[in-house]
Number of protein chains: 4
Amino acid sequence: MSRRVKSIPSMVKNPRLVERRRRQIVLGACRLFIEKGFHKTTTREIAKACGLSIGTMYEYIQSKEDVLYLVCEYIHDELESRLKEAVVDTDSGRESLAKAVAQHFRVMGEMSDYVLFIYQETKSLPQEAMRYVLSKEEEITGIFEKILCKGIRDGTLRLDPSAAKLMAHNIMVMGQMWTFRRWALAKQYSLEEYTRYQTAWLLHDLTTEDTGGRENG
Amino acid sequence: MSRRVKSIPSMVKNPRLVERRRRQIVLGACRLFIEKGFHKTTTREIAKACGLSIGTMYEYIQSKEDVLYLVCEYIHDELESRLKEAVVDTDSGRESLAKAVAQHFRVMGEMSDYVLFIYQETKSLPQEAMRYVLSKEEEITGIFEKILCKGIRDGTLRLDPSAAKLMAHNIMVMGQMWTFRRWALAKQYSLEEYTRYQTAWLLHDLTTEDTGGRENG
Amino acid sequence: MSRRVKSIPSMVKNPRLVERRRRQIVLGACRLFIEKGFHKTTTREIAKACGLSIGTMYEYIQSKEDVLYLVCEYIHDELESRLKEAVVDTDSGRESLAKAVAQHFRVMGEMSDYVLFIYQETKSLPQEAMRYVLSKEEEITGIFEKILCKGIRDGTLRLDPSAAKLMAHNIMVMGQMWTFRRWALAKQYSLEEYTRYQTAWLLHDLTTEDTGGRENG
Amino acid sequence: MSRRVKSIPSMVKNPRLVERRRRQIVLGACRLFIEKGFHKTTTREIAKACGLSIGTMYEYIQSKEDVLYLVCEYIHDELESRLKEAVVDTDSGRESLAKAVAQHFRVMGEMSDYVLFIYQETKSLPQEAMRYVLSKEEEITGIFEKILCKGIRDGTLRLDPSAAKLMAHNIMVMGQMWTFRRWALAKQYSLEEYTRYQTAWLLHDLTTEDTGGRENG
DNA sequence: AATGAATGAGGATTCATTCAT
DNA sequence: TATGAATGAATCCTCATTCAT
């Protein structure tokens, strides 16, 4: 929940302008990074893509890695806000989960390339920036965790509370999986089918009695 | 099952030697790639790590990307053979699945770094090599698919046959997930707990009646 | 004696303002140049150090080299005026020399960093500016030359008149030497000892009979 | 006396070759540095001047500053060895001094540009390298100090022993002075006249009775 | 087969200076 | 007058690959 964003220093003072230019940079870079990957994209290409001169671009960032960070941050923000759209506090846990999962799959379908990119390039971030990006990922996962806990409390979901976090991660991955296995999955399933199967599995299980680590122990 | 390995040309004729040298290269490079990533590792470093001179190394490969390919291939072979160890044809589908899943989680736990690497750097392969690596991934997934189908046939597993492939992918990802979410999961779960929860979920579901895409449709 | 200062054009008309701003620039830049050297100091840093915006600063100069020139000029002016403080026309040559030399050493001790800077960066000036700075150096040397000539005329100093200019340079260098050899000299001598030894040598020689180029010829 | 040269790492293993190439680099760079100064010389220019490709050059150095160091080292070595040529152990202190001073002035006359360069660019060296270069300068100064001490011991020179080091520095500077004040001195004196006057002054003083710091104390 | 020196295109970044506001 | 955002040529350095020995 902490809004402590790693802030990147800029030579330019006007914060409004900084924000606008950085948005330009992010949008330009994002497209390129997804197309060619971070390492194979040159700073010159980024500058061109965002309509700034190389010098101007460097007024708003300190290094190419900063651009990567900005892009990751942007994608995560986008993912988070779009997921939150679907979460309404008045719903029951089960309803809330169903909606959130549906939205999650929808967003993953739409932002497929972005999520794949995050998966592949987060590791290229410097330490600190990476930590921030990962914490953001955890935060988003936390949305599902909270919903699951609510469902446990209001009795609409059946789940060992100590497995709630794990299940939240499972849900996250189940959505993201479309992005990094699409090359194989799409041969047989449409996104809709995929979503339907996965959702069914998920909700069926969470609605059925007796789950969670005791059978195999 | 296609053994059509993309073969990399070598200047050296003696195939025995080629194989030995390439093994050297793979082992040296693998360590470096995992430590620093493909792009941040230089060919000089690889040569040093595998105890060959730069010149000699280039007698056995044509480009740095070839090394990446060799490493990916090596990892996949390793993964596949270790998974296959646990698969015995005489078991029932359910037994076979239980064993394969257990082994899968075990291997993922042990080869964590390797799998993460595959996730992050496959994209850096040139087209053709990437296709091969992906086909290999599909092949491994196929092992689970086959087990699932067997279980469906012999009645020990309950699953919509058209969801078998999807479930196979789910199993694959569930194992790999430990590699790319360990940073978050390990805060709360040990690998053993993780394995237990996930396995339980999986098998519980596949043993329970009525799964697969109808509820939500 | 020539007051033909190379004048640097300014966009600003008000000469009072120009002078004030340039003083700001010189003081800010001087500190930075001494700390980091001319080349490693950026115009942005200079602007910041003198409390002006980059744009404003450039209203008062035409190039970074202009700043260097202004700083050199400032240092030379400072050196000259402080040296002249100690020169009184009514003294005999010998007395005058003793006082001037003492003051010279004192000033060199105090302005050590400045003098060192002049030694190291004058060469970075453009042709014309360099010529001016050198002429200024000659002018200061001229002060000693005049004193020596006076001493020759009034009989209080013994020196081949044709060696007067050379001896003036020697005196100059003897003072400046503390600035560029302090790293070695200060290990063994304090500034006071240094001054005493050097002054003694100098005056002893100029008071003794028969010096100057005949013995060795 | 310590021959502990700061050794610069090279990618190339053959030490003979390293030495040869570095000599090329030094000679090429030296000329350029003297012409244009260190900062205004680009690495490409250096590479061209020494007949190596930029890549090859960087096999033998690690940074542009390394080249500066090599050049400074080269100049100092040259200066030292040429000065030592003139020093013979069997001479008396006085004779030895006369010869050394003469040689010193001769060398300074010939290597004028080199010495000036050392004066102006030593400061651009990184810490450690600078320390080495300065220690070398002290070492050369030590040659004169030893001669002076010898002269004091054998009675051929009259000098307060505690001023010996200072006088050694004076001699060094007196020679170098031609390099950084030639622009003014040469207007009136030829190098020969200059040498004659300075030598006379120096030796006259050291041969006369009673010098050194007591008169003014 | 093995070696490692040579190559140079290409990349990230800096910074003096300009100019519209 | 003052400002500071914009510019892009210029710079140092890296590194995959080649090829003579």
Side-chain angles (χ1 to χ4, degrees), chain A residues 10-14 17-18 20-21 39-47 51-67, chain B residues 10-14 17-18 21 39-48 51-67, chain C residues 10-14 17-18 21 39-48 51-67, chain D residues 10-14 17-18 20-21 39-47 51-67:
Chain A
S10 167
M11 293 278 88
V12 174
K13 292 171 182 180
N14 180 347
L17 186 55
V18 170
R20 205 174 80 221
R21 291 277 184 255
H39 285 101
K40 290 194 181 155
T41 304
T42 68
T43 51
R44 278 176 151 84
E45 286 170 320
I46 299 172
L52 298 174
S53 72
I54 187 80
T56 301
M57 188 173 85
Y58 267 91
E59 294 282 301
Y60 296 92
I61 56 163
Q62 309 230 86
S63 70
K64 194 185 166 193
E65 278 171 346
D66 281 351
V67 180
Chain B
S10 168
M11 292 283 91
V12 177
K13 306 298 173 200
N14 180 346
L17 185 54
V18 170
R21 291 278 185 252
H39 283 102
K40 289 192 181 158
T41 303
T42 67
T43 51
R44 263 164 144 133
E45 286 171 320
I46 299 171
K48 190 171 201 179
L52 299 174
S53 71
I54 268 279
T56 303
M57 188 172 84
Y58 266 89
E59 295 286 309
Y60 298 92
I61 56 164
Q62 309 231 84
S63 73
K64 193 186 168 193
E65 278 167 346
D66 282 351
V67 180
Chain C
S10 167
M11 291 283 91
V12 176
K13 306 297 173 204
N14 179 347
L17 185 54
V18 170
R21 291 277 186 252
H39 283 102
K40 289 193 181 157
T41 303
T42 67
T43 50
R44 261 164 144 135
E45 287 172 318
I46 298 171
K48 190 170 200 178
L52 298 174
S53 71
I54 268 280
T56 303
M57 188 172 85
Y58 265 89
E59 295 286 311
Y60 297 93
I61 55 164
Q62 308 232 83
S63 73
K64 194 186 167 193
E65 279 168 346
D66 282 351
V67 180
Chain D
S10 167
M11 292 278 87
V12 174
K13 292 171 182 180
N14 180 345
L17 186 55
V18 170
R20 204 175 79 221
R21 291 277 184 256
H39 283 102
K40 289 194 180 155
T41 304
T42 68
T43 50
R44 276 178 153 82
E45 286 171 320
I46 299 172
L52 299 174
S53 73
I54 187 83
T56 302
M57 188 172 84
Y58 268 92
E59 293 281 303
Y60 297 92
I61 56 164
Q62 310 230 84
S63 71
K64 194 185 165 193
E65 278 170 346
D66 281 352
V67 180

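First the proteins, then the strands, lettered A, B, ... as listed; each starts at 1.
Separating the CD atom of B:Gln62 from the P atom of F:dA16 is a distance of 16 Å, rounded to the nearest angstrom. Atom pair A:Ile54:CD1 and F:dT7:P shows a separation of 12 Å (rounding to whole Å applied). Here the P atom of nucleotide F:dT1 and the CG atom of C:Leu17 are 6 Å apart, to the nearest Å. Following rounding to the nearest Å, C:Lys48 (NZ) and F:dT3 (P) show an atom-to-atom distance of 15 Å. Between the CD1 atom of D:Ile46 and the C1' atom of F:dC12 there is a distance of 10 Å, rounded to whole Å. Taking atom CD of D:Glu45 as the reference point, atom C1' of F:dT11 lies 11 Å away to the nearest angstrom. Between the C1' atom of F:dC12 and the NE2 atom of C:His39 lies a distance of 15 Å, rounded to the nearest Å.
Residues that satisfy the salt bridge (charged side-chain N to carboxylate O under 4.0 Å, His left out) test with B:Glu45, not counting sequence neighbours, are B:Lys36. Partners of A:Thr56 according to the side-chain hydrogen bond (donor to acceptor under 3.5 Å, both in side chains) rule, which considers only residues two or more places apart in sequence or in another chain, are A:Ser53. The salt bridge (charged side-chain N to carboxylate O under 4.0 Å, His left out) search around C:Arg44 returns A:Glu59, not counting sequence neighbours. With sequence neighbours left out, the salt bridge (charged side-chain N to carboxylate O under 4.0 Å, His left out) criterion links C:Lys48 to no other residue.
Nearest nucleotide to the side chain of A:Ser53, out of F:dT7, F:dC15, F:dT3: F:dT7.
Secondary-structure annotation of DNA chain F gives the stems E:2-21 with F:2-21, with a stem taken as at least 3 successive Watson-Crick or G-U pairs whose two distances both fall under 3.5 Å.
The OG1 atom of A:Thr43 sits 8.0 Å away from the CD1 atom of A:Ile61 when rounded to the nearest 0.5 Å. Between D:Ile46 atom CD1 and D:Thr41 atom OG1 the span is 6.0 Å, to the nearest 0.5 Å. Here CE of B:Met11 is found 6.5 Å from NZ of B:Lys13. Values are rounded to the nearest 0.5 Å.
Residues B:Asp66 and B:Tyr60 form no side-chain contact, since every pair of their non-hydrogen atoms from C-beta on lies 4.5 Å or further apart. Residues A:Val12 and A:Arg21 fail the side-chain proximity criterion, which asks for heavy atoms closer than 4.5 Å.
At a threshold of 4.0 angstrom between heavy atoms, the contacts of C:Lys13 are confined to the sugar-phosphate backbone, with no base atom among them. B:Thr42 comes within contact range of the sugar-phosphate backbone alone, with a heavy-atom separation under 4.0 Å but no base atom that close.
Taking 4.0 Å as the cutoff to heavy atoms of chain B, we find the contact window on DNA chain E bounded by E:dA1 to E:dA5.
Mapping C:Arg44 and C:Gly51 onto DNA chain F via the closest heavy atom, the residue that lands nearer the 5' end is C:Gly51. Heavy-atom distances to DNA chain E give each of A:Tyr58 and D:Glu59 a nearest nucleotide, and the one nearer the 5′ end belongs to D:Glu59. Nearest-nucleotide assignment on DNA chain F puts the 5′-proximal partner with C:Val12, out of C:Val12 and A:Met11. With the nearest nucleotide of DNA chain E identified for both C:Thr41 and B:Gly55, B:Gly55 has the one nearer the 5' end.
Taking 4.0 angstrom as the limit, D:Thr43 places none of its side-chain polar atoms (N or O) nearer than this to OP1 or OP2 of F:dT11.
Annotation for B:Val18 and B:Ser10: closest pair CG2-OG, 3.7 Å, computed over non-hydrogen atoms.
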